[in-house]
Amino acid sequence: MKVKRFFANLILLIVFSVVVFFIGWISFYVKPGKCGIMTTKTGGLYPEPVIYGEFLWRWERLLPTNVNLSLYELKEHDFVQNISGSLPSADIYKTLLDPRPDFSYNFTVKTVFSVSPEKIHALVKSGAIENSEDSLEEYLKSKSIVASNQVATYIINTGSRDSFLNAFSLSAAQIAQAISPRLGEFDGISIDSVEVAGAKVPDIKLYELAKETYQTYLANLNEVIREKAEGQAAEILQLENSMKQLGQFATLLERYPQFNDFSKSDNLAGVMDKLIRRPQ
């Protein structure tokens, strides 16, 4: 009887141990091609991502509702962005050319990203994303907009205009050069490919010519304004002198009423000049 009870207890202990083991075996829930980010009510964010094939057992899983394990697919994330606009001050510059050129641009850019489990964990830890796959997707989408804008700027500023009119892919070196001004924003994110499905590229040489023409126009306009201002300043000074003379003449008439008849003269300016300059 005791032997039977012993084996029964042993079997029960083994079953209990197996159940406890499987409950606490965190990596068991991470399938191939995925990673997990674990948070607990008792300890917060687990310091490392949970990766398939790497054994991880945690006691926190034994407490009901204590553990949240968010799973992320380790896949490529592709986005298509349409980037459009006009070159700086294009509406002003083009008014000086006939016919007026079109300095607008339009690009359709497809970007493909992949992100490591460590980067996902870092994003959750920093608060850049919530601990969910949808939040990661929105974050990468924002980075695709940044990358697409940088690619558009790169295409506009480099190379021959005609070479960018058809669909093409950027090389790794071109991608690196395009995003170099904002490279830090892509730390931990792999830009696997960038394809330009369509491109409308403005004529940069013509734009620079229009810009130079406008700057010359402004310089000439400033010179005309300066000369006109100098002429107006002389006229204002002459008017001020005339007003001073008129004031002095009025003072003389108050002091010497006998000169009132002179104020009725047709040559009032000459009379004023003689009276003002007459020794007193």
Ser70 meets the side-chain hydrogen bond (donor to acceptor under 3.5 Å, both in side chains) criterion, sequence neighbours left out, with Asn68, Asn131

Correct closest heavy-atom pair for Ala178 and Gln150 would be O-NE2, 3.2 Å

Are Pro117 and Leu74 packed together at the side-chain level, in the sense that at least one heavy-atom pair is separated by less than 4.5 angstrom?
yes

Residue set satisfying side chain to side chain contact (heavy atoms under 4.5 Å, CB included) with Ala172, at least two apart, ordered chain then number -> none

For residues 62-89, the salt bridge (charged side-chain N to carboxylate O under 4.0 Å, His left out) pairs (sequence neighbours left out) are none

With sequence neighbours left out, the residues meeting side chain to side chain contact (heavy atoms under 4.5 Å, CB included) with Glu138 are Lys141

Taken in chain and number order and not counting sequence neighbours, the residues that satisfy side-chain hydrogen bond (donor to acceptor under 3.5 Å, both in side chains) with Glu208 are none

Validation: residues 36-46 side-chain donor-acceptor distances under 3.5 Å, sequence neighbours left out:
unit_1 : atom_1 : unit_2 : atom_2 : d
Thr40  : OG1    : Gly43  : N      : 2.8
Thr40  : OG1    : Gly44  : N      : 3.3
Lys41  : NZ     : Thr65  : O      : 3.2
Lys41  : NZ     : Thr65  : OG1    : 3.4
Thr42  : OG1    : Asn66  : ND2    : 3.3

Practice prompt. Give the intermediate values and the outcome of side chain to side chain contact (heavy atoms under 4.5 Å, CB included) for residues Tyr105 and Val201.
Written response: CA-CA 5 Å; Tyr105 56 83; Val201 186; over 6 Å; no

*Side-chain heavy atoms under 4.5 angstrom apart, residues restricted to Ile, Leu, Val, Met, Phe, Trp, Tyr: same cluster for Val80 and Val109?*
no

Scanning both residues in full, the closest heavy-atom pair of Gln174 with Tyr154 reads CG-OH, 3.3 Å

Residues Tyr72 and Ser132: closest non-hydrogen pair is OH-N, 2.8 Å

**Prompt:** Under a 4.5 Å side-chain heavy-atom rule over Ile, Leu, Val, Met, Phe, Trp and Tyr, are Ile120 and Val112 clustered together?
**Reply:** no

Review point. Would you say Tyr214 and Ile92 make side-chain contact, with heavy atoms under 4.5 Å?
Key: yes

Distance col, row Asn149:CG vs Phe107:CZ, nearest 0.5 angstrom, shows 10.0 Å

Sorted by chain and residue number, the side chain to side chain contact (heavy atoms under 4.5 Å, CB included) partners of Ile191 (sequence neighbours excluded) come out as Phe113, Ile175, Ile179, Phe186, Val194

* Kindly say whether Glu130 contributes a backbone atom to a donor-acceptor pair with the side chain of Ser135 at under 3.5 angstrom? => yes

Residues 100-110 vs salt bridge (charged side-chain N to carboxylate O under 4.0 Å, His left out), sequence neighbours excluded, gives Asp102-Lys200

Verify the cluster assignment for Leu56 and Ile51: are they in a single hydrophobic cluster under the rule of side-chain heavy atoms below 4.5 Å apart? no

query = Any side-chain heavy atom of Ile129 within less than 4.5 Å of one from Val124?
reply = yes

query: Are more than 12 heavy atoms from other residues, nucleotides or ligands located less than 6.0 Å from atom NZ of Lys31?
result: yes

All heavy atoms of Ser169 vs all of Glu195, minimum pair found to be OG-CG, 3.4 Å

For Tyr139 and Asp134: C-alpha separation, side-chain torsions, deciding distance, then whether side chain to side chain contact (heavy atoms under 4.5 Å, CB included) applies.
CA-CA 9 Å; Tyr139 177 84; Asp134 288 342; over 6 Å; no

- State, yes or no, whether a side-chain contact exists between Ile155 and Phe168 at a heavy-atom distance under 4.5 Å. yes

The complete set of salt bridge (charged side-chain N to carboxylate O under 4.0 Å, His left out) pairs with one or both residues in residues 82-97, sequence neighbours excluded, reads Asp91-Lys94

Q | Validation row: Leu209, Lys211 side chains within 4.5 angstrom (heavy atoms) | A | no

Residue set satisfying side chain to side chain contact (heavy atoms under 4.5 Å, CB included) with Glu137, at least two apart, ordered chain then number -> His77, Phe79

Taken in chain and number order and not counting sequence neighbours, the residues that satisfy ring pair (Phe, Tyr, Trp, His ring centres under 6.0 Å) with Tyr207 are Tyr93, Phe103

ask   = Does one hydrophobic cluster hold both Leu71 and Trp57, with members joined at side-chain heavy-atom distances below 4.5 Å?
value = yes

One should read off an interatomic distance between Thr111 OG1 and Ile145 CD1, to the nearest 0.5 angstrom, of 9.5 Å

Is the shortest heavy-atom distance from the side chain of Ile83 to the side chain of Thr108 under 4.5 Å?
no

Residue pairs passing the side-chain hydrogen bond (donor to acceptor under 3.5 Å, both in side chains) test with at least one member in residues 176-194, sequence neighbours excluded, are Ser114-Asp192, Lys143-Glu185, Arg182-Glu185, Ser190-Asp192

